[in-house]
Chemist: 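Quick one: this structure, given as structure tokens, is what I'll be asking you about.
Since this is a predicted model, take the numbers as computed values, not measurements. Per chain, numbering begins at 1; letters A, B, ... match sequence-line order.
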Amino acid sequence: MEKDHTNSGFLHIGNKLLNWYRKNARDLPFRQTKDPYKIWICEIVFQQTRISQGLGHYNNFIKRFPDVKTLAEAEEDEVLLYWKGLGYYSRAINIHKAAQQIMNDYQGTFPEQYEEILKLKGVGKYTAAAISSICFGGRMPAVDGNFYRVLSRIFADDFDISNSKAFSYFSELAFLVMPESAGDFNQAMMDIGSEVCKPKKPLCGECPVHEDCLAFSLQKVSDFPVKTKKVKAEDFALQYYFVHRNGRFLIQQRKDDFIWKKLFEFLPELPAELEPFIRNTKTVFHKLSHKNLTIEITDVEVTSEAVWNSFTEQNQYIVTDFEAFHERSFPKPLESYIQNSLKD
DNA sequence: AACGCGGGGCG
DNA sequence: CGCCCAGCGTT
């Protein structure tokens with residue numbers, strides 16, 4: 001499975017990046033360890049997520065769930081709580097399932113082989129390569145967005161990174177450049193990609209391989225990588241009823257499809273017997289990557305204790321309050337709405 | 001092979 | 001306001 005490109009002619013590039021990394025590596029909490037659990041968590045947290053955005057979540061997560069067993073034995077809702085605000089919530093669901101997978105299928109010991117790591121829920125080729133190389137000496141490039149950007153610039157390669165073959169294409173290029181120490185090389189590519197070879201305004205003057213970079217010599221760095229597919233955000237409307245009385249309010253848990261998987265939300269429909277208690281309606285706008293949400297939230301204050309009691313006793317909704325809502329994971333706009341209601 | 005999935009930051 | 005980010009699972 002591993003390939004030998006020791007005579008590729010491009011190894012000096014990888015070695016320069018490696019040497020740069022030895023001196024300039026970012027001081028990050030997961031750089032001090034080869035614990036596969038911590039590396040795994042960090043890889044999942046930082047998928048499609050900037051370090052500055054996910055660092056707090058990562059630290060909190062590791063503190064609460066320090067090992068596979070603790071994570072596997074936790075409730076899914078609590079795992080989701082620690083994922084609150086990070087986005088892509090299926091990552092939290094999958095990371096929890098994968099922990100149970102490691103307990104059940106590998107007796108709690110993290111699998112060391114790439115093909116076994118790849119079987120874990122939520123672990124794809126990138127993450128499996130990263131864990132394998134960083135923790136177990138595997139010799140695979142962890143090809144991610146940084147690899148696409150750095151390699152496409154070094155080789156002035158216009159292969160479309162939107163193409164579904166981009167991963168295998170840039171994996172081939174990566175093998176040409178990658179030195180023996182794949183783990184450090186992979187982390188070098190992450191750091192050079194985020195600190196120097198940035199998407200916008202790259203710092204080519206500080207780059208250890210700018211003399212080897214074809215795009216730089218052509219003064220066409222900003223032309224790479226090539227990406228054709230554009231995603232357009234569609235409009236989508238959500239309707240909610242914020243049903244409350246004396247600081248308590250009603251919620252339910254979302255399904256694991258569509259957006260905000262398994263997060264909590266207000267009532268999407270209003271039971272007829274509560275219609276007399278409608279006070280007002282606010283409209284909240286919330287922009288997701290692929291959707292522009294218009295969220296209409298109607299405030300319903302149940303002023304009759306009898307109605308509240310009979311309703312809360314017999315229906316399927318969860319009763320919570322302003323003190324306890326922090327204990328559940330709400331979508332960003334709904335959390336903001338609750339906090340604003342708290343001020344009133 | 002194509003698409004859907006969050007949220008934040010930057011130009 | 002569009003683009004990008006330590007990608008992955010589903011269809």
Chemist: Does A:S289 make a side-chain donor-acceptor contact with the base of B:dG7, cut-off 3.5 Å?
Modeler: yes

Chemist: Can you tell me which nucleotide in B:dA2, B:dC5, C:dA6 comes closest to the side chain of A:S164?
Modeler: B:dA2

Chemist: Which part of the nucleic acid, if any, lies within contact of A:G54, taking any heavy atom under 4.0 Å across all strands shown: a base, the sugar-phosphate backbone alone, or nothing?
Modeler: nothing

Chemist: With sugar-phosphate meaning primed atoms plus P, OP1 and OP2, does A:K287 contact a base, only sugar-phosphate, or nothing at under 4.0 Å between heavy atoms?
Modeler: nothing

Chemist: Hey, does A:V123 reach any base, or is it just sugar-phosphate, or nothing, if we go heavy atoms under 4.0 Å?
Modeler: sugar-phosphate

Chemist: Taking the side chain of A:K332 as heavy atoms from C-beta outward, which of C:dA6, B:dG6, B:dG7 is closest to it?
Modeler: B:dG7

Chemist: Does any donor atom in the side chain of A:N24 or A:E206 lie under 3.5 Å from an acceptor atom in the other side chain?
Modeler: no

Chemist: Does the side chain of A:E43 pick up a donor-acceptor pair with the side chain of A:Y126 at under 3.5 Å?
Modeler: yes

Chemist: Could you give the distance separating C:dC8 and B:dG8 at their P atoms, to the nearest angstrom?
Modeler: 22 Å

Chemist: Judged by atom type as modelled, is there a donor-acceptor pair below 3.5 Å linking the side chain of A:R153 to the main-chain atoms of A:A215?
Modeler: no

Chemist: Between A:R245 (side chain) and A:E301 (backbone), is there a donor-acceptor pair under 3.5 Å?
Modeler: no

Chemist: Nearest to the side chain of A:K261, heavy atoms from C-beta on, is which of B:dC5, B:dA2, C:dA6?
Modeler: B:dC5

Chemist: Using a heavy-atom cut-off of 4.0 Å across all strands, would you classify A:R254 as base, sugar-phosphate, or nothing?
Modeler: nothing

Chemist: How far, in whole Å, is B:dG6 from C:dT11 if one measures between their P atoms?
Modeler: 15 Å

Chemist: Nearest to the side chain of A:N94 - C:dA6, B:dG6, C:dG9?
Modeler: C:dG9

Chemist: With a 4.0 Å cut-off on heavy atoms, is A:H286 in touch with a base, just the backbone sugar-phosphate, or nothing at all?
Modeler: sugar-phosphate

Chemist: Taking only the side-chain heavy atoms of A:K227 (C-beta and beyond), determine which of B:dC5, B:dA1, C:dC4 contains the nearest atom.
Modeler: C:dC4

Chemist: Give one of base, sugar-phosphate or nothing for A:S90, where a contact means two heavy atoms less than 4.0 Å apart.
Modeler: nothing

Chemist: Within the structure shown, what part of the strands sits under 4.0 Å from A:I44 by heavy-atom distance: base, sugar-phosphate, or nothing?
Modeler: nothing

Chemist: So A:S52, base contact, sugar-phosphate only, or nothing? Heavy-atom distance under 4.0 Å.
Modeler: nothing

Chemist: From B:dC5, C:dG9, C:dA6, pick the nucleotide closest to the side chain of A:H290?
Modeler: B:dC5

Chemist: The side chain of A:T127 is closest to which nucleotide in this list: C:dC4, C:dA6, C:dC8?
Modeler: C:dC8

Chemist: If each of A:P225 and A:L120 is mapped to the nucleotide of DNA chain C with the nearest heavy atom, which maps nearer the 5' terminus, i.e. the 5' end?
Modeler: A:P225

Chemist: Tell me which nucleotide among C:dC5, B:dC5, B:dG7 gets nearest to the side chain of A:Q48.
Modeler: C:dC5

Chemist: Expressed in whole Å, how much space separates the P atoms belonging to C:dA6 and B:dC5?
Modeler: 22 Å

Chemist: Determine whether any donor atom in the side chain of A:R91 lies under 3.5 Å from an acceptor atom in the base of B:dC5, or the reverse, and answer yes or no.
Modeler: no

Chemist: Report the residue (A:Q53 or A:K200) whose heavy-atom-nearest nucleotide on DNA chain C is the more 5′ of the two.
Modeler: A:K200

Chemist: Look at all strands and tell whether A:R26 reaches a base, only sugar-phosphate, or nothing, counting heavy atoms closer than 4.0 Å.
Modeler: base

Chemist: Rounding to an integer number of Å, can you tell me how far A:I51 CD1 sits from B:dG9 C1'?
Modeler: 14 Å

Chemist: List the steps and the verdict of side-chain contact (heavy atoms from CB on, under 4.5 Å) for A:K261 and A:R254.
Modeler: CA-CA 6 Å; A:K261 301 185 204 314; A:R254 293 182 63 81; over 6 Å; no

Chemist: Can you find a side-chain donor-acceptor pair between A:S162 and A:D160 that sits under 3.5 Å?
Modeler: yes

Chemist: With the side chain of A:K229 defined as its heavy atoms from C-beta on, choose the nearest nucleotide among C:dA6, B:dC3, B:dG6.
Modeler: B:dC3

Chemist: Side chain of A:C42 only, heavy atoms from C-beta on: which candidate in B:dG6, C:dA6, C:dC4 is closest?
Modeler: C:dA6

Chemist: How close or far is atom C1' of B:dC3 from atom CD of A:E234, stated in whole angstroms?
Modeler: 11 Å

Chemist: Below 6.0 angstrom between ring centroids: does that apply to A:F30 and A:F46?
Modeler: yes

